[in-house]
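The structure appears right after this line, and notes come after that.
Quantities reported herein were computed from a predicted structural model and do not represent experimental measurements. Hydrogens, waters and symmetry mates play no part in the numbers below; they use all other heavy atoms, side chains included. Here is the naming used below: chain letters follow the sequence lines, and residue numbers restart at 1 for every chain.
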Amino acid sequence: MLRGILGWMGPAIVVGLSFRVFRGDPLAPLAVVLAALVPLVALVRVRDTRPATAAHLTLALPGLAVLLAAHAAAVADVVQLDGVPRWVAALLVLLCGAVPLLVRQASTWVTAGVLGCITIVAALVAIALVTWTPPWSAWTHVATRGALVFGERSRWVTDGRAMSPGATLAFDEPHRVTAVSAAQWHVTETDGVRSITRERRVVVGDSLVLRPGDRLAVDAGAQVKFERGKRVPGTVVTGVEWGDARERRTVESVSRSVGTTVTFAGAALALVPPAAAVTLGGAAGAVAVAVVLALGAATWGVYAMYAAPELALGATIATPLAELPGSVFGVAAGGAAVAVVGVAMLALYAAAVAATTTRVETVAAAVSERARAGAVAACGGFVVIAAAATLWRLEPERLLALGLGLLATTWAAPALAPGAPRPVLTGALVGAGLFAILALAADRIGAGLLAEHPALLAAPAAWATTMALARSRARDDGP
Amino acid sequence: MIDARRRAATLTLVGLVAGAVVLPLAPLDLATMRLGPLSLTWWYAAATPVVAALVAVAALVLHRE
């Protein structure tokens, strides 16, 4: 049972949740609820939803591959921000994904996952103690700030830091930016009607006052310093907006909420099998891991915005977990803390790979021995592909949405409809085709919402197709 | 009986998830109203997992009995 939860609570879910909260995503509160609750729904349900044929299982496997790639990319991002070269991060990810396929003892990987969970929470407790602020006070503090500004001890103010590649900063108040390394700056000025971009060669010590509406882009790796007490450009403007985004009440936001819910819930039904009879300790342990990791990840995001809002400058999904310790504990102790968090993430990844492989293997074993062997071999291939894909710096958030959505569409939705193998397979095929079309082309026809959450349409389509075919078949068979 | 308990727990959990989707639509800015340190939306996000955990544990343990 705990294994099923660890298959759900992979690194991409944990890291993604902390980042959503950190950046003030309007859907962050919903994401916290979904991350904690949908695996519990899957645990307590009565009937399993699983592919009953080798063909249906084969169709569902790409979703699993993309999900593992999302977990791998999230881990690689965390490890890399700790100063580890990308290729080393890819090797570590490969190692932590491959060993669970060779050492199949379930208890080993459940223990690794639980230790990873405890480490994430322990680091959080240390942050709470050092800042001497409980999470709810940190949330209140941020949510009542008039503006999210650079603190006086921020390294962006004291020493300067390197900008992320491709980052462009938009300013909404006059702000003096100082060059800490020689570089080429690209300043875009807008006079209300037209924009002009000026190139400027700067040397160490040069400074420039950006006006409201100006945008600044610098070469990759160029180091800059900002002014203390000024708003962090490119982030949410105020703490009030961060805490309670008004966009939550728009029709588009509600549609996104439904899309996220369909995606998360469907994937959880695929990944987490219903629990058999359990002891009180077993049930409490499994449920606690889901709830603690979800709330813990969200709290990392809250503390990151509380202690270091400037981390939002060019932030990646890994920023809250990988950069907050440095801001709270100082460079030396922070480095050690980030290394520990990186190891915890690798442990969660290994546990997720082990759990996912066991789930697929169990489902395939019910089909045939050949399918079982094939499923395990496929998982091995996915682990290698996921590790290799980390070298391309794919976005873990996008991969996560696609992986979960594909699982919801091709695995869970058709299996939820009562039907013979053929209608289920046809439903899965229709869902997969529609999912691919929406993911690749919906953006081009202005349906960004469907491109972001293809499962919103594809999963119900897969279910409806299966239902319609099953009913038609029942009518044809007659009484 | 066991299946009925599990179904009831599943429905309760699904209801809690649905509440998180619907809450932002609450009128009169209810969702952003502050109750102590947090807004109602964030209270819901923080408390619901704990309630859900109790429901899930109860359903799983009663299943055993």
Expected contact set for residues 288-300 of chain A against chain B at heavy-atom separation under 4.5 Å reads A:V291, A:L295

Note: vs chain B, highest number of non-hydrogen pairs under 4.5 angstrom among A:A36, A:A143, A:A284 is A:A143

Heaviest contributor of heavy-atom pairs below 4.5 Å to chain B, chosen from A:T260, A:L34, A:T140, is A:T140

Identify the heavy atoms of [X] and [Y] that sit nearest to each other, and give their distance.
X: B:L60; Y: A:A275; value: CD2-CB, 3.6 Å
X: B:V57; Y: A:L280; value: CG1-CD1, 3.7 Å
X: B:A59; Y: A:V44; value: CB-CG1, 4.2 Å
X: B:A45; Y: A:P29; value: CB-O, 3.6 Å

Residues 11-18 of chain A side chain polar contacts: donor-acceptor under 3.5 Å, at least two apart:
{"residue": "A:S18", "atom": "OG", "partner": "A:V15", "partner atom": "O", "Å": "2.7"}

query = Looking only at atom types and distance, does a side-chain atom of B:W42 sit under 3.5 Å from a main-chain N or O of A:G243, one as donor and one as acceptor?
reply = yes

Taking side chain as C-beta onward, heavy atoms only, is B:T10 less than 4.5 Å from A:V46? no

So CZ of A:R47 and CZ of B:R6: to nearest 0.5 Å the spacing works out to 14.0 Å

When A:V41, A:L37, A:V33 are each screened for side chain to side chain contact (heavy atoms under 4.5 Å, CB included) with B:L16, the one that passes is A:L37

